[in-house]
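Worth knowing before you read on, the calculation uses all heavy atoms, side chains too, and leaves out hydrogens, waters and symmetry mates. On a predicted model such as this, the values are computed, not experimentally measured, just so you know. Below, chains carry the letters A, B, ... as their sequence lines are ordered, and counting in each starts from 1.
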Amino acid sequence: MYSKKVIEQFLHPKNMGKIDKPDGVGTVGNILCGDQMTLYIKVKNLPRAKSRGKKGEEIIDDIKFESFGCAAAIATSSMITEMAKGKTLEEALKLNREMVAKKLGGLPPIKMHCSNMAAQALKKAIENYRNKNQKPEARNPKE
Amino acid sequence: MGENKNRIYLDYAATTPVDPEVFEAMKPYFGDDFGNPSSAHQFGQKARQGLDKARAQVAEFFGCKPEEIIFTSGATESNNLAIKGVIYKIQNSKFKIQSLPHVITSQIEHHCVLDTCKNLEETGFAQVTYLPVNKEGLVEIEALEKVIKENTVLVSIMYANNEIGTVQPIEEIGKLIKKLNQSRQQKIYFHTDAVQAINYLNCKVDALQVDLLSMSAHKFYGPKGVGALYIRKGTPVKKIQDGGAHEYDLRAGTYNIGGIVGLGKAITMINSQTAQRIKKLRDKMVEEVLKLIPNSKLNGSRQHRLQNNANFSFPGAEGESIMMALDQERIAVSTGSACASENLQPSHVLTALGLKPEESHTSIRVTLGKYTKEEEIDRFLEVLPKVVERLRQISGSGKADKKKLPDDFGC
């Protein structure tokens, strides 16, 4: 039912836990519904010289998750933290459920919502960071 | 068992392995004795002997006449035949009543009973009352008596629940119905789905006062795809599958003779010593789990419980995750969690008990059987606390409150 990669991430999840004083937090789902995921991010401003763009860019310097849910929910949480770490916020916002599922070697159709939850949690954490830091100009144009 | 040899199976409520003696008894019917029991020649008659013997074995077990036993493809068919069969017969014969027939069942029945009842409602053949249960999963006699109406024709209550193992007061319900029937114009027929009970409980139909009883061979070390329905003489049942006049014209279809012989053999091998041994192991397991794992809970009834069943909740650790993590440790259990079901709904049984969602989503069912060894339970007790602890850490509820131990433990 699950791919080897899913089982591996489920048994040995990366970036599990909480970040003390996170820059952004995103929670999706609800324990009452059977699954809940929280992502914590720490954002770093790269100095202009080191950033690839013209302006100083913001990257996800650290990311951690807490997840109550099935094996797929835990595996997708772990996977999205691995995928998002070190990315700029713009790059991170482009991660979607298909990308997470693909990286996990596929998910059973009924578990695709877990993968969606992971992507949503990341978006929420970034939004939370941006709202706190009032940088509306940097919002994802698609939103 | 090949690859499964080193695995620990704690899901006997789902299915059981075929006992080697049962398998031996079945073999000739896939070889020399392959005949069709309906044929008059010697090939057929040899197979017919196997059929008759199995029927006698089952009748002996239930304390009934052989002709009151109908072989089917399993409990789903038996339950369909019992419930639809009675209603259809009442609807189109001398049994016909003025108003729409009324059926009473419980909210924690197996889906094959619930869906059969829903079907009868949707097709306009019957009205149905789905009786709630108390927080232990028990049907309360007074509550049942209250919903019986003038047009009630059938009560269908399972003997023991497949998820939480709660044993219903079938004898008392039987007595109540018998008493009521003495002064009723419309007789009430009483059906029980005894699938989980065969291995562990008294199934004499006269003690239970049931008119219909369903069972399935693969739950008691017989083969899959074969079951039986007990139908008390005089109970109105119309066949629901058309074709030949097999099984006293109540169940058309060529006999699954190998399976039927296996069912007959398996039922003769049931014994109460095995049940006692399993109960001891189960009690030890429950006691240890509740002691070793903080904030853990046993769902269902402690007293009125099938000997081999345990059903726990571990808030903070999701059920499907527990099951998958145990599977990686080569231990097989099952879960009532929504994430493990095909429709992402939590178990209707746990919901009917009034469990909080965080309890039903974190439940696992552990069911023992006659091949369960003490070392296997010890291994389970070694692995489970680590699994729950790890998952609670992942969910951020790792530092769960230290649990007070219940002092009244005693399944």
With the threshold set at 4.0 Å, does a side-chain nitrogen-carboxylate oxygen contact exist between B:R392 and A:E66? no
So does B:K356 have more than 12 non-hydrogen atoms from other groups sitting under 6.0 Å from NZ? no
Apply side-chain contact (heavy atoms from CB on, under 4.5 Å) to residues B:E318 and A:Q36 and explain how you reach the verdict. CA-CA 10 Å; B:E318 198 276 329; A:Q36 179 173 298; over 6 Å; no
With only heavy atoms counted, which part of A:I74 is less than 4.5 Å from chain B, the side chain, the backbone, both or neither? side chain
So how far is it from A:F68 CZ to B:E358 CD, rounded to the nearest 0.5 Å? 8.5 Å
Closest non-hydrogen atoms of B:S321 and A:A71, given as atom of the first, atom of the second and distance, are OG-N, 3.3 Å
side-chain contact (heavy atoms from CB on, under 4.5 Å) between B:L391 and A:F10: does it pass, once the steps are laid out? CA-CA 10 Å; B:L391 292 170; A:F10 165 59; 3.9 Å; yes
How long is the span from the NE2 atom in B:H361 to the SG atom in A:C70, to the nearest 0.5 Å? 11.5 Å
Check each atom of B:T362 against the heavy atoms of chain A and say whether the ones under 4.5 Å are side chain, backbone, both or neither. side chain
Interatomic distance, B:S395 atom OG to A:M16 atom CE [nearest 0.5 angstrom]: 9.0 Å
Interatomic distance, CG@A:L11 vs CD@B:Q328, rounded to 0.5 Å, equals 5.0 Å
Please indicate whether A:K102 has more than 12 foreign heavy atoms, meaning atoms of other residues, nucleotides or ligands, lying under 6.0 Å from its NZ. no
Tell me whether A:K103 at atom NZ has more than 12 heavy atoms from other residues, nucleotides or ligands lying less than 6.0 Å away. no
Taking atom CG of B:D327 and atom CE of A:M1, what is their separation to the nearest 0.5 Å? 10.5 Å
